[in-house]
Amino acid sequence: MTIKTSRRKNVEFGSKFLESSQHQLICLCHTRNIGCIFYVMAASPIMRIPCKVAELSLDISLNCGQSFRWKKRPSGEWAGVLAGYLWLMNQDEAGLNYRVVTPVVQSEASPSESLPAKKAEMKECIDYEHMVKDYFQLDIDLESLYRQWSLADANFDKVAKNFVGVRMLKQDPVENLFAFICSSNNNIQRITGMVEKLCETYGNHLLTYEDMAYYTFPSIESLAEEKVESKLRTLGFGYRAKFIQQSAAKIMKNGGRDWLLNLRTVSYLEAKSSLMTLPGIGAKVADCICLMSLNHSVAIPVDTHVFQIAKANYVPHLSQTKSVTDKVYNEISAHFQSLFGTYAGWAHSV
DNA sequence: ACAGACCCTCAGCA
DNA sequence: ATGCTGAGGGTCT
């Protein structure tokens, strides 16, 4: 089997490996003085889920500020790390195409010995389709929700045709939480850079694919260490450096990742108020986390833009209001919740 | 309820 | 070319 390397040479080895598998092997080979380091990855075949653009627009949903981790590659594919794999996706009118790239071996030894041992692992049946459907929440009928929202609100009806297929992702709450601590008083470009720095500094290098390094999102533990604040300061996080370290430490004290995941099972208001006990998380960020990773689809994050839109089109008596006080925040939230119903947060995103 | 302060960056403009 | 200002998916005191 011929394997392309990052140095654009071809390496021959392991021709029997995976001969009966439908997976494709990719090997990146770096010479380091005498030895070689092999980064071996397996790319799945392209898989497909029938899905209309009206049910899911990748271009909007992956790039509208709910996740900061998806990047469009020159090929037009979206690339992102999810559940410890690199995913590559695109879509056409009728379907979503995706493939998965996963590291198999990273060793300084000759790969010929370790590869067969990984063979069984590769063949392990992983339900990628289920993971995609879960992440995009494809069991939720978005077209039907759009119809419902259009009936409820003429303004939505007018605007919605330009923003078809806007779907909330079901994100990992750890990534979601720390990314949105970064979002306060900030712009998307800078937030994206900060999330990248978090991953490069405290995440694990997953693999390098076509000259792009991909990292996992850091664990809560790794962000909870005391040194993190000063390090993030030097990386330009500003006052958010302290929030990140302190929130991580507090979550660990509360029970770590399980404590966060458990917020999916409690009521929306309980989840929100629990999140707001963490430093750097106020009402808006808490609502973002509720909506984007904790299944509380009724949550309405009221940011400065939602405030402006609400003043101009929905809650006239706020037209002279200068700032978003708690009272104003709750009033705007409640308005959109009663207008759009259970999936109000999804409608708000459109 | 409401200012200020908080880190940093980047348009927009003089 | 430099320098100033305001705002950017807020939060805390």
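Below, chain A is the first sequence line, B the second, and so on; all start at residue 1.
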Is A241(A) touching bases, backbone alone, or none of the nucleic acid, heavy atoms closer than 4.0 Å? nothing

Pairing stems for DNA chain C [at least three consecutive pairs; Watson-Crick or G-U; under 3.5 angstrom]: B:3-6 with C:10-13, B:8-14 with C:2-8

In Å and rounded to the nearest 0.5 Å, what is the NE2 to CD distance from H348(A) to Q337(A)? 11.0 Å

Round to the nearest Å and state the distance from I244(A) atom CD1 to dG10(C) atom P. 16 Å

Would you kindly give the NZ-to-C1' distance between K242(A) and dC6(B), to the nearest whole Å? 11 Å

Between T265(A) and N262(A), do the side chains contain a donor N or O and an acceptor N or O under 3.5 Å apart? yes

Check: F68(A) ring centre within less than 6.0 Å of F180(A) ring centre: yes

Is the side chain of S61(A) donor-acceptor paired with the backbone N or O of S57(A) at a distance under 3.5 Å, no angle test? yes

Which part of the nucleic acid, if any, lies within contact of C64(A), taking any heavy atom under 4.0 Å across all strands shown: a base, the sugar-phosphate backbone alone, or nothing? base

Considering residues, nucleotides and ligands other than Y239(A), do more than 12 of their heavy atoms fall under 6.0 Å from its OH? yes

Name the nucleic acid region contacted by I281(A), choosing base, sugar-phosphate or nothing; use a 4.0 angstrom heavy-atom cut-off, strictly under. sugar-phosphate

From L291(A) atom CG to L169(A) atom CG, the distance as rounded to the nearest 0.5 Å: 10.0 Å

Is the backbone of A213(A) close enough, under 3.5 Å, to the side chain of E200(A) for a donor and an acceptor to pair up by distance? no

Show each protein N/O and nucleotides 7-11 of chain B N/O combination with a separation under 3.5 Å, one pair to a line.
residue	atom	partner	partner atom	Å
dC7(B)	OP1	R233(A)	NH2	2.9
dC7(B)	O5'	R233(A)	NH1	3.1
dC7(B)	O5'	R233(A)	NH2	3.4
dC7(B)	O5'	Y239(A)	N	3.4
dC7(B)	O4'	Y239(A)	N	3.1
dC7(B)	O2	R190(A)	NH1	3.3
dC7(B)	O2	R190(A)	NH2	3.2
dC7(B)	O2	R240(A)	NH1	2.8
dC7(B)	O2	R240(A)	NH2	3.4
dC7(B)	N3	R240(A)	NH2	3.4
dC7(B)	N4	N185(A)	OD1	2.9
dC8(B)	O4'	R190(A)	NH2	3.1
dC8(B)	O2	R190(A)	NH1	3.0

Any salt bridge between K133(A) and D139(A), counting N to O under 4.0 Å? no

With a 4.0 Å cut-off on heavy atoms, is F243(A) in touch with a base, just the backbone sugar-phosphate, or nothing at all? sugar-phosphate

Could you work out, with ring pair (Phe, Tyr, Trp, His ring centres under 6.0 Å) as the rule, every residue matching F178(A), not counting sequence neighbours? none

Distance, P atom - from dG6(C) to dG4(B), rounded to whole angstrom: 14 Å

I need the residues from residues 325-339 of chain A with at least one non-hydrogen atom less than 4.0 Å from DNA chain B; give them sorted by number, or say none. T325(A), K327(A)

Contact between W70(A) and W87(A) at the side-chain level, heavy atoms closer than 4.5 Å - yes or no? yes

Take atom P in dA5(B) and the same atom in dT5(C), then report the distance between them in whole Å. 15 Å

So for atom CG, which belongs to D92(A), do other residues, nucleotides or ligands contribute more than 12 heavy atoms lying within a distance under 6.0 Å? yes

Pair Y215(A) + Y202(A): ring centers closer than 6.0 Å: no

Heavy atoms only, 4.0 Å cut-off, all strands: where does L278(A) land among base, sugar-phosphate and nothing? sugar-phosphate

Let me know which of Y314(A), W149(A), F307(A) forms a ring pair (Phe, Tyr, Trp, His ring centres under 6.0 Å) with F336(A). Y314(A)

Select from F180(A) and G280(A) the residue whose nearest nucleotide in DNA chain C is closer to the 5' end of that strand. F180(A)

In whole angstrom, give the distance that lies between atom CD of Q171(A) and atom C1' of dG9(C). 14 Å

In whole angstroms, how far is the P atom of dT13(C) from the CE atom of M276(A)? 13 Å

Which other residues belong to the hydrophobic cluster containing V298(A), where Ile, Leu, Val, Met, Phe, Trp and Tyr are joined when side-chain heavy atoms lie under 4.5 Å apart, directly or via other members? Y268(A), L269(A)

Could you give the distance separating dG9(C) and dC6(B) at their P atoms, to the nearest angstrom? 22 Å

Name every residue in residues 290-318 of chain A that has at least one heavy atom under 4.0 Å from any atom of DNA chain B, in order of residue number, or write none if there are no such residues. none

